[in-house]
Structures are given as C-alpha cells and as structure tokens.
Amino acid sequence: MTPTDTPHGPLVDAHAQLAEAIEHLGADDGTHRLLATSRREMAVSVPLRRDDGTTAVYEGFRVQHNFSRGPAKGGLRYSTHVDFDEVRALAMWMTWKCALVNLPYGGAKGGVAIEPLDHSTAELERVTRRYTSEILPIIGPEIDIPAPDIGTDEQTMAWIMDTYSASVGHTVPGVVTGKPISLGGSLGRATATSRGVAHIALKAMALRGIDPEGATAAVQGFGKVGRGAARFLADAGVRVQAVSDVGGAVWAEQGLDIQRLGDHVDQTGSVDGFEGGGPVGGAEQIDPASIVTLDVDVLVPAAVESVITVDNAERVQAKIIVEGANGPTTAGADAILADSDVLIVPDILANAGGVIVSYFEWAQANQAYQWTEREVKDRLEERLTAAWHDVVEYAEAHSMSYRQAATALAVRRVIEAHELRGLYP
Ligand code: GLU
C-alpha cells in the first residue's frame, strides 16, 4: 500500500505511533485506550480588549495527557494553526518526551489560536493574563507547569507567573519554566533545546561516520530552536548551508555566517534578503520549500509539524534528520523514509533539551537554589546522552526505527508507572 497522509494531522500520527508501541509491547486494549485519551482537557474562550477599544475573542486550550509519572509538563503555543487536536497530539508527545529522558513528569500542552505578530505587547499581556486566569484551576507547580513554545517567550511566562501568584497570594516561581533569569529562570534554559538538538546531531553524525568538520546542514526555522541549533552546529565545524524561516530561505555553498545572519534577522525580522559576506562569502535566496530536499548531510526541521510529508519524502537527500520541531515528519513520510537509509532522530529525543532544562528550572525553584550554567549544561548533556544510548540500543535490539524505539521505551515507562500506582478506586 502506498503511504498516505490522509486523514491528516498530528493527532492521527500520534495515535498511529502509540498503537504501534502498544502492539510491540503487547499491552492490553484498556491500557491502549487509557493512553490514547487525555486525562484532562480544557477549552476556553479568551476575550481580548484590543488597543482600539474593540473586543476580539480567541480559542484557547490546555490539554493534560498524562500524570502517571508526575505533574503534567509542556509548552504554550500562540499560533493561528492551534486547534484542539493539535494540542492533544503535542500533549501526548510531551508525555513520551518526559518519560524518554526520565523526568518525573507527565505531558501537557496549551495553545491560543492567535497570531502574536498582529498584536501589541499590551494586547499579548492581556490575552496571556486572561488565558491564565481561565486555566488557573488546572495549573500549578504540582499539577501542570507551562513553558514557552511557538509564539510565546520568557515574557509570556513572567505574565503567567505573576497572574497565578496574584491569584494565590504569594509568588510561585515553580508554576512555569522558561522564565526570565531575574525571576528564577535557569541559566542555560534559553539555549537548551538548540544545544540538545546540536548535541544529538553530533551523536548521529558520529554513528554514521560523518566528520562534523566540513559536513553540511540545512536548518528549517530560525527561531528559539533553529537559530541556536545552526549556531551550535556551525561552532562544531558544520557548514550550515541553508536556513529558512517564514519570510524566505538563504543558501551558501561554504556555509552561512550564522552570526551575521542573526544580526540580519534582528534588523529585518527574517532571513530573507541576507546577502552573506564575511569569510564565507555571499548567500543566495532559495525557495523555502526546497530546504527539506537539499543535498546536505544533516537536515534540522526546527519550525512546525508536518513539513516532511508524502509529497516530498522521496526527494529528501539528507543522511540524517534531527527533529528540532515537534512532529515535523508525518506518519506517511516516516513510512517512505523507513525504506531508505535516512536516519531520523525523533523529536521526543532530539528536542528534549528544552524540557530537561525546564525540569532543572523547576527543581531550582523548588529548592530556591540556583545552579551554575556549567552544572546545567553538564546535566543536560548527561541526560540526553543516556536517552540517546537507550534509544540506539533498543532500536538495534528490536530492529526498529529510532522513533519506534523511543516511543516504545517511553510508553513502557508510562505503563510501568501506571501499573505500579494501580487504578483508583
Ligand atoms: N515547548 C517545549 C517542548 O515542546 C518545552 C516544553 C517545556 O519545557 O515544558 O518540548
């Protein structure tokens, strides 16, 4: 049968991955149903008084997929693409991600269907505070701990922390992670996801016998994840030949000067129009859609889900795909790539650096004690390396893809916790 992406969507893919893991583990139907369903879901409407005095109303969601291993954990996304099913899928993936890297958390995700770029800072503050007050009964440092995701940042987390703290009557730094450092944020959190992506990319290159010095990469997305990943890869000697974002894409044979590209993005808001320069020479504008099919050693999709699909999977030329984004490869594309030599390092491993340092931030908030940046970096690499070895060994032992191995390991850990706790009543 030809792999297909219809019916399409991240939740369909997440369910298919879970079903495969359940079958492999020989778990029963009841357990399957339990894990296929979110433990708690909340849909809220978020009214906003706009700066011009009119009222807008946005849909908001918070989904807590699982609590078996601890409080639910996961980001908050502001994007017009947000819908209930997307948030459900992302929450389920958070459960697997946290279990895979052995964090004492379940999984959650939140979203508001809003385009942040179309709103002033004051409007974003009002939306964030109103959304927080709507979901307030179901969040807390021992219940569910939000963090940044697409369209949100440390300022968003500061507003959530303040709104929550005002409501309970005292300052609660552990209610969110990804906070500004001056409010108890962890050193190293801002770059944690991208540091982890690069760390895992280098492991995958070593496994495939690719010397980073002179290897080539393409990075899709130049935001919280892609920008740092490009920088860390370039620091390791990789020629990052192409980078794209929503505004465009640029390419340079000798590799882009990531520092200069960053400066250009800070000035103009996009990689579009970057002309290169410096020791590595000029850059060309390319079609952003072509980024996933470029002839490079490593492809890092670090933007949104469902970008490697049945329509382009056969044209992927990269030897390694390191999933910086959540869910960038559809199940249909995964099936096509399974027949190729492309090594896919799945999102729940590749981008777990962010939630790992979120956990460190939460632990520091609970201890009221700040770790040094060195401690954070070392412990991040230690956890990621352990998870990497777990996945590689499991995949080899069971002749599975890394995604199948990572999901099976994670699902097994969640089932173990669930069985030890038993069902109440
Ligand atoms: N949004 C990030 C993710 O998808 C981080 C979540 C967190 O730190 O809780 O992994």
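In listed order, ligands and their atoms are each counted from 1. Sequential numbering from 1 along the given sequence is applied to the chain's residues.
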*asked:* Under 4.0 Å between a side-chain nitrogen and a carboxylate oxygen: does that hold for R227 and D266?
replied: yes
*Above 12 or not: heavy atoms from other molecules or residues under 6.0 Å from NE2 of H398?*
yes
*At under 4.0 Å between heavy atoms, which part of L90 makes contact with ligand 1: side chain, backbone, both or neither?*
neither
_Using a plain distance cutoff, I'd like to know if P148 has any nitrogen or oxygen under 3.5 Å from a nitrogen or oxygen of ligand 1._
yes
_Regarding D85 and R88, does a basic nitrogen lie under 4.0 Å from an acidic carboxylate oxygen?_
yes
_Cationic N near anionic O, under 4.0 Å, R77 to E115_ = no
*Proximal atoms of ligand 1 relative to M94 (non-hydrogen, under 4.0 Å)*: 3 (C), 4 (O), 6 (C), 10 (O)
_Nearest-neighbour protein heavy atom for atom 7 (C) of ligand 1, which is reported as residue plus atom name and distance_ = A147 CB, 3.3 Å
*Option with minimal heavy-atom separation from atom 6 (C) of ligand 1, where the choices are G353, G75, G196*: G75
*R413 and D390 ion-paired at < 4.0 Å*: yes
*Atoms in ligand 1 flagged as close to V355, the criterion being non-hydrogen separation under 4.0 Å*: 7 (C), 8 (O), 9 (O)
*asked:* Just to confirm my output: which protein heavy-atom neighbour is closest to atom 9 (O) of ligand 1, and how far is it?
replied: K73 NZ, 2.8 Å
_I'd like to know if R77 contacts ligand 1, where contact means a heavy-atom distance under 4.0 Å to any ligand atom._
no
*asked:* Any carboxylate oxygen within less than 4.0 angstrom of a Lys/Arg side-chain nitrogen, looking at R195 and E381?
replied: no
*asked:* So that I can tick it off, tell me whether K319 and D341 are bridged by a salt bridge, with the cut-off set at under 4.0 angstrom between side-chain N and carboxylate O.
replied: no
*Are any of the side-chain nitrogens in E375 or R379 under 4.0 Å away from the carboxylate oxygens of its partner?*
yes
_Sub-3.5 Å N/O-N/O distance, K109 and ligand 1_ = yes
*Any idea which of R189, K97, K224, E361 brings a heavy atom closest to atom 5 (C) of ligand 1?*
R189
*What residue and heavy atom of the protein are closest to atom 1 (N) of ligand 1, and at what distance?*
D149 OD1, 2.8 Å
*Please write down residue, atom name and distance for the protein heavy atom closest to atom 8 (O) of ligand 1.*
S358 OG, 2.5 Å
*For G74, the ligand 1 atoms whose distance to one of its heavy atoms is below 4.0 Å*: 9 (O)
*Taking only Lys NZ, Arg NE, NH1 and NH2, and the carboxylate oxygens of Asp or Glu, determine whether R62 and D144 approach each other closer than 4.0 Å.*
yes
